[in-house]
2 protein chains.
Amino acid sequence: MSSRAATRVFQGVEEQIATGQLKDGEKLDEASLAERFHVSRTPVREALLQLVGSGLATQIPKRGCFVKAPSFREMIEMFEVMSELEGMCARLAARRISDEQLATLKAANKGCEEAIQANDSDLYYHKNVEFHECIYTACGNSFLASETRSLRRRLQSFRRLQLRVRGRMPQSFNEHDEIIESIEAGDADKADLVSRQHVMIQGERFNDLLAHMEQPQ
Amino acid sequence: MSSRAATRVFQGVEEQIATGQLKDGEKLDEASLAERFHVSRTPVREALLQLVGSGLATQIPKRGCFVKAPSFREMIEMFEVMSELEGMCARLAARRISDEQLATLKAANKGCEEAIQANDSDLYYHKNVEFHECIYTACGNSFLASETRSLRRRLQSFRRLQLRVRGRMPQSFNEHDEIIESIEAGDADKADLVSRQHVMIQGERFNDLLAHMEQPQ
DNA sequence: GTAGAAATTATCGTATACAAAAATAAGATG
DNA sequence: CATCTTATTTTTGTATACGATAATTTCTAC
């Protein structure tokens with residue numbers, strides 16, 4: 001089906017960690033995974049290496065790999081950094097965005113609006129990613145864009161949960177408006193501030209959500 | 001000698017990329033590397049995967065791995081992000097640092113001073129790392145600390161060059177004083193600003209250095 | 001002589017095999 | 001019965017083997 005077995009295993013394990021099927025500290029046994037994915041140990045080992053690289057697993061020499069789900073504290077820390085990066089992207093975008101990029105950004109936001117009117121949170125999720133992607137591109141720093149994207153991806157599975165929180169979708173959309181306005185006005189400081197808050201609010205929502213769901217560690 | 005063959009290969013190739021023995025775009029042939037490091041292809045492939053993960057190589061499916069030395073533009077971009085992260089660390093440290101951590105920070109700076117008096121740029125390099133490491137720890141966000149450390153490491157080989165630039169060592173040290181003062185005073189905004197500048201100046205110095213050395217691409 | 005096609009070669013991705021180290025189980029000794 | 005020692009088993013890390021795909025070369029046709 002897919003091109004590389006190693007990639008399949010990587011994404012599969014990643015998914016299972018995100019959904020909680022594989023829990024924190026659980027051992028990632030090479031032989032079992034190989035059997036589960038119908039491949040040999042070689043691609044499994046490659047997948048595990050990549051998991052370790054992306055921080056989802058820990059490797060102890062001669063002992064094996066173990067799931068390393070972010071703790072509550074680490075999640076908050078990641079949101080804190082995400083907030084900073086997102087703010088930086090917006091700040092730079094306010095200074096560097098082109099007319100064309102601004103138009104694309106507005107179009108993406110229009111997509112968000114339509115998703116809200118259709119009350120389609122899954123569509124909103126994708127349109128929202130698109131919106132932020134526009135800002136990453138417009139910041140004119142592809143390294144920053146890539147780092148931010150990567151962190152967003154890492155917080156992704158939790159975000160998806162958040163947008164279903166009551167009333168979050170319209171509020172998120174209103175914040176988008178503020179972000180666009182400040183970027184269009186070239187107000188870097190405000191774009192920075194508003195974007196930071198946009199992320200931190202999500203962090204807080206995440207916090208609420210977790211508190212409702214179960215005990216953090 | 002060492003524990004893992006894969007690690008040896010990884011560090012070896014990393015070193016050769018940093019020193020310029022392996023140039024941008026050059027192919028990382030599995031068989032040749034295996035022969036060079038007296039190991040089989042398996043650990044070589046693992047090393048290459050890690051190199052790709054840390055951004056030092058690119059992988060094209062069914063075509064192989066190629067050295068991906070950061071371009072001039074990417075270096076500037078990385079400095080821009082480093083500046084932001086370093087600023088964030090300092091800002092948080094100004095709010096969260098403990099008395100004990102502050103003492104350690106001052107001690108590290110004392111080490112820098114001694115290195116200057118001894119005119120030992122190599123020692124200064126290490127003491128400087130120690131100084132910044134204190135701030136990372138004091139920022140109270142271990143994820144941020146880890147990300148910043150990782151980026152520092154990536155810019156490391158170039159930094160090492162920079163500190164040998166004429167007059168940089170004392171200037172860097174003076175900037176440290178400003179950083180300590182603002183952190184001690186709990187002035188988060190100033191700590192942020194000064195730390196950002198501290199990095200950006202290095203970026204500019206790097207810029208100068210490159211301009212002197214050879215043509216950027 | 002050049003362009004395209006077929007065959008050959010090289011290299012990647014995966015599977016299997018084997019050696020070394022660690023975990024576990026079994027046995028001996030007090 | 002507990003504990004230390006030793007044997008067995010499991011599992012990691014590395015080497016080798018094999019199939020598939022892309023690159024290269026050779027060959028043929030024009």
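Only heavy atoms go into these numbers, but all of them, side chains included; no hydrogens, no water, no symmetry mates. Since we're looking at a predicted model, the values are computed, not measured. Here is how names work: the chains are called A, B, and so on, in the same order as the sequence lines, proteins then strands, and each is numbered from 1.
For residues 25-44 of chain B, proximity to DNA chain D is found at Val39(B), Ser40(B), Arg41(B), Thr42(B), Pro43(B), defined as any non-hydrogen atom under 4.0 angstrom from a strand atom.
One can place CG of Leu48(B) at 14 Å from P of dT14(C), the figure rounded to the nearest angstrom. Rounding to whole angstrom units, CZ of residue Arg8(B) and P of dG13(D) are separated by 14 Å. Distance, Lys62(A) NZ to dT11(D) P: 13 Å, rounded to whole Å. Rounded to whole angstrom, the span from the CD atom of Gln59(A) across to the P atom of dA21(C) amounts to 17 Å. Spacing between atom CD of Glu46(A) and atom P of dC12(C) amounts to 12 Å, rounded to whole angstrom units. Note: CG (Leu49(A)) to P (dG13(C)) measures 15 Å, nearest angstrom. Regarding Phe66(B), its CZ atom lies at a distance of 11 Å from the C1' atom of dT11(C), rounded to whole Å. Remark: C1' of dT11(D) and CD1 of Ile60(A) are 14 Å apart, rounded to the nearest angstrom.
The two atoms that bring Val194(A) and Glu175(A) nearest to each other are CG1-O, 4.1 Å, heavy atoms only.
Formation of a donor-acceptor pair under 3.5 Å by the Ser150(B) side chain with backbone atoms of Ser146(B) is not found in this model. With hydrogens and angles ignored, the 3.5 Å screen pairs no side-chain donor or acceptor of Ser83(B) with any backbone N or O of Phe79(B). A donor-acceptor contact shorter than 3.5 Å is absent between the side chain of Ser195(B) and the backbone of Asp192(B).
Map Arg63(A) and Ala6(A) each onto its nearest nucleotide of DNA chain C; the residue landing nearer the 5' end is Ala6(A).
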Exercise for the section: Before giving the answer on salt bridge (charged side-chain N to carboxylate O under 4.0 Å, His left out), spell out for Arg196(B) and Glu86(B) the whole-Å C-alpha distance, their side-chain angles and the decisive distance to 0.1 Å. Expected result: CA-CA 6 Å; Arg196(B) 276 170 197 263; Glu86(B) 195 85 41; over 6 Å; no
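For Glu77(B) and Ser142(A), the side-chain atoms include at least one donor-acceptor pair closer than 3.5 Å.
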